[in-house]
Amino acid sequence: MTDRTDRPERISATQLLAKLADEGSWHPWDSQITALPDDAGYAEDIGRAREKTGLDESIICGDADVNGVRVAVVVSEFGFLGGSIGRDAGRRVVTAIRRATAEGLPLLALPASGGTRMQEGTAAFLQMVNITAAVVDHKAAHLPYVVYLRHPTTGGVFASWGSLGHVTLAEPGALVGFLGPRVYEGLYGEAFPEGVQVSENLRSHGLVDLVVAVDELGSTASRIIRLLVDPMVDAEHSRREPAGPSSSPGLSEATVGESSAWDVVEQSRVPGRPGVSQLLRESADEAVELAGGGELDSRSGIILALARFGGHSVVVVGQDRNRQVPGSLVGPADLRLARRGMRLAQSLHLPLVTVIDTPGADLSADAEESGLANEIAHCIAELTALTVPTVAVLLGQGAGGAALALFPADRVVAMENSWLSPLPPEGASLIVYRDTDHAADMARSQGIRATDLHAAGIVDVVVSEAALGGFLPELGDRLAAEIDALDDSTVEARAGWRTERLRRIGGVEI
């Protein structure tokens, strides 16, 4: 936990812009505000704020190159009445967001604010609704919205446009929370608990994606925005030849050896078997993990990431056994993170890759009360409704609802030693035979192997694990080829392939 004495030194809006914008690239958008309010005391406050900061309001807007990436920027000046948002500041933010949308620019918001300007009351308070509506329209245009929460960001700003980013970054040690600690203490007569309203704590609970120092903000933000807005970077140069069978629609011939179902199960459980995080490191052209991976929000190893395969930017949601905290299984919070990845892909028109490798879902009372079944159902529903290209990777274990929640996709790629079943074979044996001694028999009779799934038309491609140096490079090539083929297809064609898969699974006309 971070103590208040460790709060970062506040940096002004102009200092931040000087660090962020490439030299000579900043172009301000704001029209000068000269009017003063009728209230004499408030007018004096405005005058002092203008003299103190050299600015006319608490918001500066414009566009700039950030490490060569053109972005629209909205930045708060906390020194101007605590960065508070009144009517003039609110209108300025809305105008800038709508201009960014009209010009097709990604938007980088850099709030540092105490929230609503109390001197203007309800009229200022409702500016948060106007700003939110503009952000919603910007995202509806499939344009990136990236937020960097600075010290401090509280109140209505945090509860509106500060919490709507496709990706949310935060300054180390920053005070970030809904109710400022001074207000809390004044209202309730006791101090707010230390360490809660701190960017690092919000990161551990999945409310912030990355904690980034100011000096690293430009490189991090530009890298993320490139992944979000540039789905093909030098595609002809970076595209690789697909490994194994063709990735055209329909079934591909599996070219793998035959192992018993129980051998496959045991191989999928070998300690140190590569997980999704290793896949991102070794097989993606570039990757940025956003959330999960053993943090408090995802102790089961669920990971949300941005990556590039074969020149295509994608959103990746995966289950990584190697990141699991011992005893933790996929629960409702993990699946909410997975659904966030689905919505992120849909919002930005990026392909989605789901990676399945799970021994099962959390079967605890807490998981039941927190809506585990509800979250599984909504994951399946959202996946089947996506219009962006989707690829599911069966990387290893695929047990129960936790696996099913990430399975529906346009194309399904399975590793040779992977499997999918309603329960782990031991659980199936308990139900049928009331013991675990028949687990191998259940694995065989249920047809859970990747090769069985391929023969049944449930899996499209089975990737051999016999390659020297590990199977991850071959899997990365396969993903690049699958995404490339899907990218050339229409929404209608992909919907048709999904319907055909459902028909094959169900054995009935749909």
Side-chain angles (χ1 to χ4, degrees), residues 69 104 106 139-144 166-167 223-252 276 279-280 283-288 290 304-318 338 341-356 382-395 406-414 459-461 463 472-501:
V69 178
K139 294 171 73 173
H142 308 297
L143 294 168
H166 286 116
V167 177
R223 185 183 177 199
I224 288 170
I225 291 170
R226 280 192 175 98
L227 280 169
L228 296 178
V229 301
D230 199 359
M232 285 298 293
V233 177
D234 195 17
E236 294 303 319
H237 174 72
S238 60
R239 188 176 299 151
R240 296 167 287 191
E241 289 298 319
S246 166
S247 63
S248 59
L251 294 179
S252 298
V276 63
L279 169 66
L280 292 173
S283 298
D285 304 324
E286 186 175 5
V288 176
L290 298 181
L304 170 62
L306 301 172
R308 186 173 291 124
F309 290 95
H312 292 272
S313 290
V314 302
V315 176
V316 178
V317 175
M342 297 170 198
R343 292 191 292 271
L344 180 63
Q346 185 73 16
S347 176
L348 290 165
H349 269 190
L350 293 176
L352 175 71
V353 175
T354 61
V355 184
I356 300 161
E382 289 198 29
L383 270 177
T384 57
L386 291 179
T387 60
V388 298
T390 55
V391 179
V393 178
L394 193 53
L395 191 61
L406 298 186
F407 188 78
D410 298 325
R411 297 280 290 172
V412 180
V413 176
V459 161
D460 297 298
V461 177
V463 178
L472 291 181
E474 185 172 351
L475 176 56
D477 289 342
R478 170 53 55 190
L479 281 174
E482 296 292 342
I483 296 164
D484 196 36
L486 289 171
D487 192 59
D488 290 336
S489 64
T490 65
V491 173
E492 293 75 18
R494 294 195 297 273
W497 302 337
R498 295 185 194 187
T499 299
E500 174 62 18
R501 187 190 309 281

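Owing to the predicted nature of the structure, the values given are computational and were not obtained by experimental measurement.
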Would you name the heavy atoms of [X] and [Y] that are closest together and state the gap between them?
| X | Y | result |
| --- | --- | --- |
| F309 | I483 | CB-CD1, 4.2 Å |
| V229 | P106 | CG1-CB, 4.3 Å |
| G318 | V276 | C-CG1, 4.1 Å |
| A307 | L280 | CB-CD2, 3.9 Å |
| D410 | V388 | OD2-O, 3.8 Å |
| D285 | G311 | OD2-N, 3.2 Å |

Subject >> salt bridge (charged side-chain N to carboxylate O under 4.0 Å, His left out) between E474 and R478, worked out >> reply: CA-CA 6 Å; E474 185 172 351; R478 170 53 55 190; over 6 Å; no
When you compare the side chain of [Y] with that of [X], does any pair of heavy atoms fall below 4.5 Å?
| X | Y | value |
| --- | --- | --- |
| M342 | V317 | no |
| T354 | F407 | no |
| V355 | V316 | yes |
| L475 | V393 | yes |
| L479 | D477 | no |
| L228 | S313 | no |
| I356 | L395 | no |
| Q346 | L352 | no |

[X] side chain to [Y] main-chain N or O, any donor-acceptor pair under 3.5 Å?
| X | Y | value |
| --- | --- | --- |
| R308 | A284 | no |
| S347 | R343 | no |
| D460 | V413 | no |
| T387 | V491 | no |

Subject >> From L344 atom CG to L306 atom CG, the distance as rounded to the nearest 0.5 Å >> reply: 6.0 Å
Subject >> Inter-residue atom distance L279.CG - L472.CG, 0.5 Å rounding >> reply: 6.0 Å
**OP:** Could you list the residues that satisfy side chain to side chain contact (heavy atoms under 4.5 Å, CB included) with A409, not counting sequence neighbours?
**Re:**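 In terms of side chain to side chain contact (heavy atoms under 4.5 Å, CB included), with neighbours along the sequence ignored, A409 is linked to T390, A392.
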**OP:** For L350 and H312, run side chain to side chain contact (heavy atoms under 4.5 Å, CB included): C-alpha distance rounded to whole Å, both residues' side-chain angles, the deciding distance at 0.1 Å, then the answer.
**Re:** CA-CA 9 Å; L350 293 176; H312 292 272; over 6 Å; no
**OP:** Evaluate the criterion salt bridge (charged side-chain N to carboxylate O under 4.0 Å, His left out) for residue pair E286 and R223; output intermediate values, then yes/no.
**Re:** CA-CA 9 Å; E286 186 175 5; R223 185 183 177 199; 2.8 Å; yes
